[in-house]
Amino acid sequence: NAKVWLPSYSYLVFFFLTSNMSTGQLNWRRHHSSILLRNKIYCWGGDQKDLPRVHDGDDKRKVTSTVDVFELSTFKWERKSTTSNPPAGVFSYACTSIKDSALYFGGSCKPLDCFHNNLYKLNTLTLNWNEIISTTTDNIPMRKYG
């Protein structure tokens, strides 16, 4: 009796909330986004168990310098290390994919009420971060929430 997996938003949210990385599945997180690229789901950032509530620092970068990848062919999560500097805005950012890259825009350092206008690219083949546009006071759209 094979089960058919029909992806849906509610199923993925439930899956993210009930998984466990030690068994090849993802732990809980919220205020994140995920993309589907080449039969893999890439999940980065968001509020999660080990994330320090600081703007920046070694402990925060230890958590944000990883991306969780769900392989649709095996139904397993794998945590992968990234290189270079990841975005500081790990909550409530916008995310999309183009070619072999994931683009991340904006986000906040909640609960610090620090908002970002940075545009970052994560190359999903090399797992290297690259800042495309940095936050300035002249950026449009404005840094804000909501």
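Applying the ring-ring contact (aromatic ring centres under 6.0 Å, His included) test to Tyr42 and every residue at least two apart in sequence or in another chain returns nothing. Annotation: ring-ring contact (aromatic ring centres under 6.0 Å, His included) contacts of Tyr104 (sequence neighbours excluded): Trp44, Tyr93, Trp129.
Atom CG of Asp47 and atom CZ of Arg30 lie 4.5 Å apart (nearest 0.5 Å). Going from atom CG of Leu119 over to atom OG of Ser134 covers 10.5 Å, rounded to the nearest 0.5 Å. Put simply, CG on Asp59 and CZ on Arg53 are 13.0 Å apart, with the number rounded to the nearest 0.5 Å. Here NE2 of His55 is found 4.5 Å from SG of Cys114. Values are rounded to the nearest 0.5 Å. Lys76 contributes atom NZ, which lies 9.5 Å from atom CZ of Phe70 (distance to the nearest 0.5 angstrom). Here CG of Asp68 is found 4.0 Å from CZ of Arg79. Values are rounded to the nearest 0.5 Å.
Two residues are said to be in side-chain contact when any heavy atoms from C-beta on lie closer than 4.5 Å; Thr83 and Leu127 fail this criterion. Taking the side chain as every heavy atom from C-beta outward, Thr96 and Phe105 never approach each other to under 4.5 Å.
Counting only residues at least two apart or in different chains, salt bridge (charged side-chain N to carboxylate O under 4.0 Å, His left out) contacts with residues 32-42 comprise Arg38-Asp100, Lys40-Glu71.
Between Asn128 and Ser84, the closest heavy-atom pair is OD1-CB, 3.3 Å. Phe91 approaches Leu51 most closely through the heavy-atom pair CZ-CD2, 3.7 Å. Closest approach of His116 to Ser108, counting heavy atoms only: CD2-CA, 4.2 Å.
The environment of Leu125 atom CG is dense: over 12 non-hydrogen atoms of other residues, nucleotides or ligands sit within 6.0 angstrom.
Judged purely by atom type and a 3.5 angstrom limit, Thr66 uses its side chain to pair as donor or acceptor with the backbone of Val63. In this structure, the side chain of Ser92 does not engage the main chain of Gly107 through any donor-acceptor pair within 3.5 Å. Using modelled atom types, one side-chain atom of Arg29 and one backbone atom of Gly45 make a donor-acceptor pair closer than 3.5 Å. For Lys60 (side chain) and Ala88 (main-chain N/O), a donor-acceptor pair under 3.5 Å exists by modelled atom type.
Residues Asn118 and Glu131 have side chains that bring a donor and an acceptor to within less than 3.5 angstrom of each other.
Each of Leu122, Leu36, Ile35 was scored for a side-chain contact (heavy atoms from CB on, under 4.5 Å) with Ser97, with one residue passing: Ile35.
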